[in-house]
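What follows is a set of notes on a single structure, which appears directly below.
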Amino acid sequence: MSAADRVRVRGVSIFRPIIYGNTATVLTPKEREAAPSPDHTHKWTVAVRSAASAENSEQVGGADDLSYFIKRVTFKLHDTYANPSRNVDKPPFEVSETGWGEFDIQIRINFVQECGEKAIVVYHHLKLHPWTANGDPEIPPLEIAMKAGPVHSWQYDEIVFHDPYQNFLNILTSHPVTHLPKSKRKPVPFHLAHPASLEASKGGVPEFTSQMEKEEAERLEAARQAIIVEQEKLRGTLIEKERELEKLQKQLAETPQPS
């Protein structure tokens, strides 16, 4: 590797769209007999994948191989699982298990050596039971849940690399991203920020679209603007309190002291 390859390309930002989340299905009676515990009711897979789905695929996302920039994904499961910290060093970056309860999973994404950036950590709440518009848990009888089909819970995200090293930039640009479809071809992943999308998420394996990508960017921008507004409010309150303190200190200084 030449010294020129380890020079950062200033002013350049390049991103890779990913999704992370899980798909869960109810165990059949035969599968429950073979499960590690008789209490287990579902089988599930948690994964990190490319955002676009392959043609005629029966899974959410995963059209692209991410191993050109992701070296390892570590999934931290609930402590009740044997070996709860699972390292996955090659695609597919996923873990499959069975269980009965929902819990938070820590997902740590480590990049290839050429990247030179620290790992990132995201969190996903394992979803086993059907979605409701308000997000409240709904646990139907297993036979009804089985007829309803798989439960999907996926989050779109973009990993942005600022001022990448030249050799890493070369790697990224040599692996073009499969673009998301512009229009809806399948059900869309449900998002609590849009309760009306619940019906649109039903009827099969969901797929992310470029319209959803745009909506997510708009949600992030709206959240950023809300934070700015809140910061300005807090700044105004702080200035007002500082003035009150200054006034009180001045009054205290002018108060005659007892001899």
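Positions are given from 1 along the sequence.
- The ring pair (Phe, Tyr, Trp, His ring centres under 6.0 Å) test applied to F111 returns F161, not counting sequence neighbours.
- Residue T28 holds its OG1 atom at 11.5 Å from CG of L142, rounded to the nearest 0.5 Å.
- In this structure a side-chain-to-backbone donor-acceptor pair under 3.5 Å is present from R16 to L172.
- When all heavy atoms of P130 and V151 are compared, the closest pair comes out as N-CG2, 3.9 Å.
- Contact of the P91 side chain with the L66 side chain is not registered, since no non-hydrogen atoms from C-beta on lie closer than 4.5 Å.
- Note that CD1 of I18 is 6.5 Å distant from CZ of F69, once rounded to the nearest 0.5 Å.
- For the residue pair T98 and A35, the shortest heavy atom distance occurs at OG1-CB, 4.4 Å.
- H78 pairs by the ring pair (Phe, Tyr, Trp, His ring centres under 6.0 Å) definition with F103, not counting sequence neighbours.
- Looking at heavy atoms from C-beta onward, K233 lies in side-chain contact with E230 at the 4.5 angstrom threshold.
- Listed for the R108 side chain is no donor-acceptor partner under 3.5 Å among the backbone atoms of T74.
- With sequence neighbours excluded, no residue satisfies ring pair (Phe, Tyr, Trp, His ring centres under 6.0 Å) with H125.
- Checked against salt bridge (charged side-chain N to carboxylate O under 4.0 Å, His left out), E246 has no partners two or more places apart in sequence or in another chain.
- Between the side chain of E102 and the backbone N or O of H129 there is at least one donor-acceptor pair closer than 3.5 Å.
- With a 6.0 Å radius and a threshold of 12 heavy atoms from other residues, nucleotides or ligands, E244 has its CD atom above the threshold.
- Across S13 and V160, no two heavy atoms sit closer than the pair CB-CG1, 4.3 Å.
- Heavy atoms from other residues, nucleotides or ligands lying under 6.0 Å from NE2 of H179 number 12 at most.
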I'd like to know whether K30 forms a salt bridge (Lys or Arg N to Asp or Glu O under 4.0 Å) with E33, so could you lay out the CA-CA distance, the side-chain angles of the two residues, the decisive distance to 0.1 Å, and finally the verdict. CA-CA 5 Å; K30 188 174 182 179; E33 291 178 4; over 6 Å; no

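- Criterion: ILVMFWY side-chain heavy atoms under 4.5 Å apart, direct or through other members. Under it, I70 and L169 are part of a common hydrophobic cluster.
- Salt bridge status for E240 with R243: absent, with no side-chain N to carboxylate O gap under 4.0 Å.
- Of all the heavy atoms in L27 and E31, the pair that sits closest is CA-OE1, 3.4 Å.
- When side chains are defined from C-beta on, P17 counts as touching V177, because their heavy atoms get closer than 4.5 Å.
- E114 CD to Q166 CD: the interatomic distance, rounded to the nearest 0.5 Å, is 13.0 Å.
- Using a 4.5 Å cut-off on side-chain heavy atoms (C-beta onward), L77 and L126 make no contact.
- Every residue two or more places apart in sequence or in another chain was checked for a salt bridge (charged side-chain N to carboxylate O under 4.0 Å, His left out) with K71, and none qualifies.
- Taking the side chain as every heavy atom from C-beta outward, Q249 and L252 never approach each other to under 4.5 Å.
- The structure places OG1 of T23 at 11.0 Å from CD of E58, a figure rounded to the nearest 0.5 Å.
- A single hydrophobic cluster is not seen to contain both V9 and F15; linkage of ILVMFWY side chains at heavy-atom distances under 4.5 Å, directly or through other members, places them apart.
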Show your reasoning for whether side-chain contact (heavy atoms from CB on, under 4.5 Å) applies to M146 and E143. CA-CA 5 Å; M146 186 177 295; E143 59 272 15; 5.7 Å; no

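- Summarising the geometry of D163 relative to R8, their closest heavy-atom pair is O-NH1, 2.8 Å, with the distance given to 0.1 Å.
- At distances below 3.5 Å, not a single donor-acceptor pair connects side-chain atoms of W131 with backbone N or O atoms of S153.
- Atom NZ of K127 is separated from atom CD1 of I105 by 13.5 Å, given to the nearest 0.5 angstrom.
- Distance check: I19 CD1 to D157 CG gives 11.0 Å after rounding to the nearest 0.5 Å.
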Start with the C-alpha distance between V95 and V73, add both sets of side-chain angles, then the distance that settles side-chain contact (heavy atoms from CB on, under 4.5 Å), and finish with yes or no. CA-CA 10 Å; V95 168; V73 178; over 6 Å; no

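- No donor-acceptor pair closer than 3.5 Å links the side chain of E207 to the backbone N or O of T209.
- Under the 4.5 Å side-chain heavy-atom criterion for Ile, Leu, Val, Met, Phe, Trp and Tyr, Y81 and L128 are members of the same hydrophobic cluster.
- Looking at every heavy atom in both residues, R32 comes nearest to T41 through NH2-CG2, 3.9 Å.
- Judged purely by atom type and a 3.5 angstrom limit, R6 has no side-chain atom pairing as donor or acceptor with the backbone of Y165.
- Side chain of W44 to main chain of S96: no donor-acceptor pair is present (N/O by atom type, distance under 3.5 Å, no hydrogens or angles).
- Considering only residues two or more places apart in sequence or on other chains, D64 meets the side chain to side chain donor-acceptor pair (under 3.5 Å) condition with T178.
- Residues R49 and E94 are in side-chain contact: their nearest non-hydrogen atoms beyond the backbone lie under 4.5 Å apart.
- V46 and V60 are assigned to two separate hydrophobic clusters, defined by single-linkage of ILVMFWY side chains at heavy-atom distances under 4.5 Å.
- Hydrophobic clustering keeps V48 apart from F208 (ILVMFWY residues linked when any side-chain heavy atoms are closer than 4.5 Å, directly or through intermediates).
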List the steps and the verdict of side-chain contact (heavy atoms from CB on, under 4.5 Å) for E242 and L245. CA-CA 5 Å; E242 287 177 343; L245 177 60; 5.6 Å; no

